[in-house]
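Have a look at the structure below before the remarks.
We number each residue from 1, following the sequence as shown.
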Amino acid sequence: MQDFLERCTAVVNRVLFIGFGIQIVLGILWMCNAFARWDSLGEGIVCVMEMAALGGAVVFLLKRGQGLALGLFEVLGVLTFPMVLQCLTEPDVRVLASALLLLQTGAVLRAVKSRTDREFWITWGISLCAWMAVGLLLGEYLYFGMVPMVVGLFGIGRSKRKNLWNHMVLVLATAGMIFGVGSFYQERTQITPCLVSRISWTTLYDSYDQMPEERNSLINYDKMIESTYDVAGIEEVLIPSLERKLSKEELEELLRELMATSWRNNKKRILKDIAWDMAGYTAAPIVLPMQLQGRAYDSCSGINYRQILLPAPRLGKLYMDYGCWWFLVALTLRAAMGLVARRHSPGAAFMAWTLTAFMMAFGYTMSGAGKMDYKNTLFILCGWLVWVVAVMGTGGNGRKSDEDA
């Protein structure tokens, strides 16, 4: 029986090699067309640096020692996925942020598994530095990056727990520095405008009409209509117009009533939109085909898909269609390999990636309705792909990858 399972796993492993090989070829062809559209040499240099940064983070996370060819194939399997490569062919700060968060997560996991104090402090120091860099780069990553640090604190072995208080102080000090320095140039997200956008934007017109006349008379009708045109309309149009004529207390009361009206009359639609956003951020390649068929909801996916088509329309369509289909197939095969391999209880790697991915997906979901942009969750996409490619070259039993990925 064990021999049969190993043979089945070996066959699945070969299928993964073939599937990722096709993706790599399509990705390189599409990338050549995308490179031809660069406006300047500087733009090309930035994109190459992005590729190097994300590729290096993937290598660090995979921590392979099985040969250059296999390592290069695995990295290309991640970087040439259409939703990932699309981000790499134009300057985008989210690429560097995702690379730093991957580096931080990998460093935390190495610190948890370290066998010597020297190895622990080197990897723990790398994770703290990466967290500080990414938190200063994008404000929301202060909170996303806190998750693997907390998981790392709980995952520290018994021999190092005598210094647990020191580790906690370092984590808190780093978080304080990120927040303090970032406050000089980063605009912190306010919760109330995000909640109003999340709950009321898709039904703003109906909610306005359903509010008592003495309350909706406080809202300028033209500004309300203008707010429905763009996903940021509530934060950038409606609320600023109200701030000019209402006190802070009156404004908060009016916004709470607006949200209550929206929730009372459109609860099912709001929950459905939130569920779709969570699904889109968590597994964008599975949700995107439904979005393109008009079966889902408002998002940025149409604009992102158009960017894939611009360099080469026919190739771009084939590339994205194959990428989404292959993602589902590869994920299914990887899950099957995990089932036939020896089972392990969820470890630090599983908890760090799962909780960070959930925090990221939930955070962007609650930032407002109609804003679903899979580029925001590049970290999650790379996490899925690393989990899949990590199983290749494990000799057919999948055990090593279960420990590492």
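Atom CG of L310 and atom CD of Q86 lie 10.0 Å apart (nearest 0.5 Å). Note that the CD atom of E243 and the CD atom of E250 stand 13.0 Å from one another [nearest 0.5 Å].
Between K371 and E235, at least one side-chain nitrogen of the basic residue sits less than 4.0 Å from a carboxylate oxygen of the acidic one, meeting the salt-bridge criterion. A salt bridge links R94 with D373: the distance from a Lys NZ or Arg NE/NH1/NH2 to an Asp or Glu carboxylate oxygen falls below 4.0 Å. Ion pairing between E90 and K375 holds under the 4.0 Å rule for side-chain N and carboxylate O.
Scanning all heavy atoms of the two residues, the minimum distance from L381 to Y374 falls at CD1-O, 4.2 Å. Contact between A99 and A53 at its shortest, heavy atoms only, is CB-O, 3.7 Å. C47 and T89 get closest at one heavy-atom pair: SG-C, 3.5 Å. Heavy atoms only, all atoms of each residue included: M320 and I308 are closest at CE-CG1, 3.6 Å.
When the shell of 6.0 Å around CZ of R306 is examined, it contains 12 or fewer heavy atoms from other residues, nucleotides or ligands. In the displayed structure, K245 atom NZ is contacted under 6.0 Å by more than 12 heavy atoms of other residues, nucleotides or ligands. In the displayed structure, F179 atom CZ is contacted under 6.0 Å by at most 12 heavy atoms of other residues, nucleotides or ligands.
Between L103 and L61, every side-chain heavy-atom pair lies at or beyond the 4.5 Å cut-off.
Under the ring-ring contact (aromatic ring centres under 6.0 Å, His included) criterion, F35 pairs with W38, sequence neighbours left out. Residues forming a side chain to side chain contact (heavy atoms under 4.5 Å, CB included) with A133 (at least two apart in sequence, or on another chain): L100.
A donor-acceptor distance shorter than 3.5 angstrom exists from the side chain of N33 to the backbone of L29, with no hydrogens or angles considered.
Residues W326 and F81 keep their aromatic ring centres 6.0 Å or farther apart. Centroid-to-centroid, the aromatic rings of F144 and F379 stay 6.0 Å apart or farther.
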- [ ] Given side-chain hydrogen bond (donor to acceptor under 3.5 Å, both in side chains), test Q104 with S127 step by step and report yes or no.
- [x] CA-CA 4 Å; Q104 177 197 344; S127 65; over 6 Å; no
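Cation-pi geometry between R110 and F60 is met: the NZ or CZ atom falls under 6.0 Å from the ring centre, inside 45° of the normal.
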